[in-house]
Amino acid sequence: MKVITEAILRDLLRGQEPESYEVPKGKILSPAAREYLQQRKVKIIWGIEGRKYPVIHDDEDKPAPRREESSPAQEAPPAPAASSAPMYIDYESGAFYAEKPEHMTQLHRNELVAKDHPRIYFRGRLDSSQALVVLAQVTIKDEDGANSAKLMVDLGDILATLREIMRCDVLDQPFRQDKVIGYSLEELRDRSHNPMKYFSVKQMVLPDYSLGKTYALLNQLRTDIRETEVAATRAFRLSRNVYDRKDIIEALNRLSSAVHIMMCKYLAEEYKG
């Protein structure tokens with residue numbers, strides 16, 4: 001059973017003011033998604049047999065699909081008894097828990113998934129990327145001291161972006177950022193693809209011990225963020241070529257480009273002084 005999240009609804013209903021929303025049979029709404037529809041005063045209709053995709057009704061007078069009372073699969077998940085509090089809900093199946101099982105962890109609010117769920121693995125990758133930035137900052141500062149000030153600023157921006165991505169994922173909120181290390185998303189793409197034009201540096205200079213520890217650390221961070229992007233792509237895949245949270249996937253793609261640009265700036269000696 002697939003859960004429809006608030007993020008999916010926000011994307012689906014963007015620019016629309018529907019009177020009702022039909023939940024496809026075999027799917028459930030997450031608590032946050034249900035609250036989002038209620039706040040927008042959108043009537044929730046539980047889907048009927050054979051419906052494959054959600055249907056948005058713009059006319060409130062349009063008759064709602066009839067449900068067979070004898071078919072529990074078409075009904076909303078039963079509300080748990082008050083005595084079961086505190087309450088958790090299984091993100092995959094919609095089952096309720098009075099206590100959080102040890103093998104599960106929270107995805108959003110009281111929604112639980114297994115600890116090896118792709119979304120949790122992605123968050124682990126995000127955590128590792130943040131740790132690598134901090135380690136790079138400490139190492140580079142110890143190596144270069146005061147000469148590393150400009151580089152510390154850009155690394156700090158990379159770290160702040162990773163933390164914001166984590167926050168938006170955990171809270172199920174849209175990720176918005178206009179610039180990274182002082183460049184817009186389009187400027188990042190342009191400079192990453194044309195380093196000779198902007199930095200007089202060849203495209204993707206392969207790391208070598210002769211280029212020093214700082215360059216090696218930046219390259220390690222770049223590759224790590226690329227792996228985190230792959231983890232995000234797997235975590236947010238809904239079906240073939242259909243993805244949730246494209247904002248986060250795009251942000252990670254641009255972030256690896258930002259670190260590549262930092263490598264180019266380092267070779268161009270723009271971080272000196």
Side-chain angles (χ1 to χ4, degrees), residues 7 11 118-119 121-137 139-140 144 148-169 173-208 211-237 241 243-272:
D11 184 62
R119 294 286 295 275
Y121 177 76
F122 163 61
R123 289 180 186 174
R125 289 295 321 167
L126 268 179
D127 198 17
S128 295
S129 295
Q130 293 172 51
L132 200 59
V133 176
V134 175
L135 181 60
Q137 287 176 311
T139 305
I140 294 171
D144 296 334
S148 64
K150 293 181 180 179
L151 183 52
M152 289 299 105
V153 172
D154 280 355
L155 283 171
D157 198 23
I158 298 295
L159 180 60
T161 302
L162 287 167
R163 288 175 173 170
E164 178 64 8
I165 291 173
M166 177 76 87
R167 188 190 71 83
C168 290
D169 178 39
Q173 295 178 353
F175 174 83
R176 298 186 180 91
Q177 187 172 30
D178 295 329
K179 293 187 175 182
V180 180
I181 64 170
Y183 300 116
S184 68
L185 299 185
E186 287 304 317
E187 288 172 335
L188 286 173
R189 180 180 178 84
D190 191 29
R191 282 160 174 75
S192 181
H193 283 75
N194 300 282
M196 180 60 74
K197 174 182 176 181
Y198 293 100
F199 309 107
S200 299
V201 172
K202 293 181 180 180
Q203 173 76 13
M204 202 57 238
V205 176
L206 296 177
D208 183 87
L211 297 176
K213 183 181 291 186
T214 295
Y215 191 80
L217 287 169
L218 291 175
N219 183 64
Q220 183 184 27
L221 179 58
R222 179 192 63 81
T223 59
D224 185 83
I225 292 175
R226 288 294 298 274
E227 291 177 8
T228 302
E229 179 189 353
V230 172
T233 303
R234 290 174 179 168
F236 295 120
R237 180 183 290 121
N241 296 324
Y243 296 87
D244 190 15
R245 297 314 304 258
K246 291 181 181 179
D247 53 341
I248 287 179
I249 296 174
E250 180 183 36
L252 288 166
N253 179 269
R254 295 295 184 266
L255 207 56
S256 63
S257 295
V259 179
H260 175 219
I261 290 172
M262 292 169 64
M263 294 168 66
C264 294
K265 291 175 66 175
Y266 178 79
L267 293 179
E269 300 187 345
E270 291 193 14
Y271 286 122
K272 286 190 174 182

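Just so you know, these numbers come straight off a predicted model, no measurement behind them. Reckoned from all heavy atoms, side chains included, excluding hydrogens, waters and symmetry mates.
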Please lay out, stage by stage, how Phe175 and Gln177 fare under the test side chain to side chain contact (heavy atoms under 4.5 Å, CB included).
CA-CA 7 Å; Phe175 174 83; Gln177 187 172 30; 3.2 Å; yes
Residues Arg254, Ser192; criterion side chain to side chain contact (heavy atoms under 4.5 Å, CB included); working and verdict
CA-CA 9 Å; Arg254 295 295 184 266; Ser192 181; over 6 Å; no
Kindly determine whether Phe236 and Asp169 satisfy side chain to side chain contact (heavy atoms under 4.5 Å, CB included), including the steps that lead there.
CA-CA 11 Å; Phe236 295 120; Asp169 178 39; 3.7 Å; yes
Assess the residue pair Met263 and Val205 against the criterion (side chain to side chain contact (heavy atoms under 4.5 Å, CB included)); give the C-alpha distance rounded to whole Å, side-chain angles, the decisive distance to 0.1 Å, and a yes or no.
CA-CA 9 Å; Met263 294 168 66; Val205 176; over 6 Å; no
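Thr214 pairs by the side-chain contact (heavy atoms from CB on, under 4.5 Å) definition with Ile140, Asp144, Leu151, Leu218, Tyr266, not counting sequence neighbours. For the ring pair (Phe, Tyr, Trp, His ring centres under 6.0 Å) test, no residue two or more places apart in sequence or in another chain qualifies with Phe199. Judged as a side chain to side chain donor-acceptor pair (under 3.5 Å), and not counting sequence neighbours, the contacts of Glu164 are Arg167. Not counting sequence neighbours, the partners of Gln137 by the side-chain contact (heavy atoms from CB on, under 4.5 Å) test are Val133, Val134, Met152, Leu155, Leu159. Taking Glu186 as the reference, nothing meets the salt bridge (charged side-chain N to carboxylate O under 4.0 Å, His left out) condition, with sequence neighbours excluded. Looking at residues two or more places apart in sequence or on another chain, you find a side chain to side chain donor-acceptor pair (under 3.5 Å) between Glu229 and Asn253. Evaluation of the side-chain contact (heavy atoms from CB on, under 4.5 Å) rule for Pro174 yields Arg176, Asp247 as partners, not counting sequence neighbours. Applying the side chain to side chain donor-acceptor pair (under 3.5 Å) criterion to Tyr198, with sequence neighbours excluded, gives Asp190. Checked against side chain to side chain donor-acceptor pair (under 3.5 Å), Gln130 has no partners two or more places apart in sequence or in another chain. Applying the side-chain contact (heavy atoms from CB on, under 4.5 Å) test to Thr223 and every residue at least two apart in sequence or in another chain returns Asn219.
Here the CZ atom belonging to Arg245 is positioned 8.5 Å from the CD atom belonging to Gln173, to the nearest 0.5 angstrom. Here CD1 of Ile249 is found 4.5 Å from OG1 of Thr233. Values are rounded to the nearest 0.5 Å. The line from NZ of Lys179 to OG1 of Thr161 is 13.5 Å long, rounded to the nearest 0.5 Å. Going from atom CG of Leu221 over to atom OG1 of Thr228 covers 9.0 Å, rounded to the nearest 0.5 Å. If you take CZ on Arg226 and OG on Ser129, they are separated by 12.5 Å, rounding to the nearest 0.5 Å. Rounding to the nearest 0.5 angstrom, the gap separating the CG atom in Leu135 from the CG atom in Leu217 is 7.0 Å.
Listed by first and then second residue, the salt bridge (charged side-chain N to carboxylate O under 4.0 Å, His left out) pairs involving residues 213-224 are Arg125-Asp224, Glu143-Lys213 (not counting sequence neighbours).
Among all heavy-atom pairs drawn from Ala235 and Arg119, the shortest one is O-CD, 3.6 Å. Counting all heavy atoms, side chain and backbone alike, Leu252 lies closest to Leu162 at CD2-CD2, 4.2 Å. The nearest pair of heavy atoms linking Ala258 to Ile158 is CB-CD1, 3.9 Å. Counting all heavy atoms, side chain and backbone alike, Ala251 lies closest to Ile165 at CB-CD1, 4.0 Å. When all heavy atoms of Tyr183 and Glu187 are compared, the closest pair comes out as CA-OE1, 3.4 Å. The heavy-atom pair separating Gln203 from His193 by the smallest distance is OE1-O, 3.5 Å.
Look at Lys265 and Asp154 and you find a salt bridge, because one of the NZ, NE, NH1 or NH2 atoms lies within 4.0 Å of a carboxylate O, short of that distance.
Put simply, the side chain of Asp157 gets close to the backbone of Ile181: a donor and an acceptor are under 3.5 Å apart.
No side-chain donor from either of Asp208 and Tyr215 sits under 3.5 Å from a side-chain acceptor of the other.
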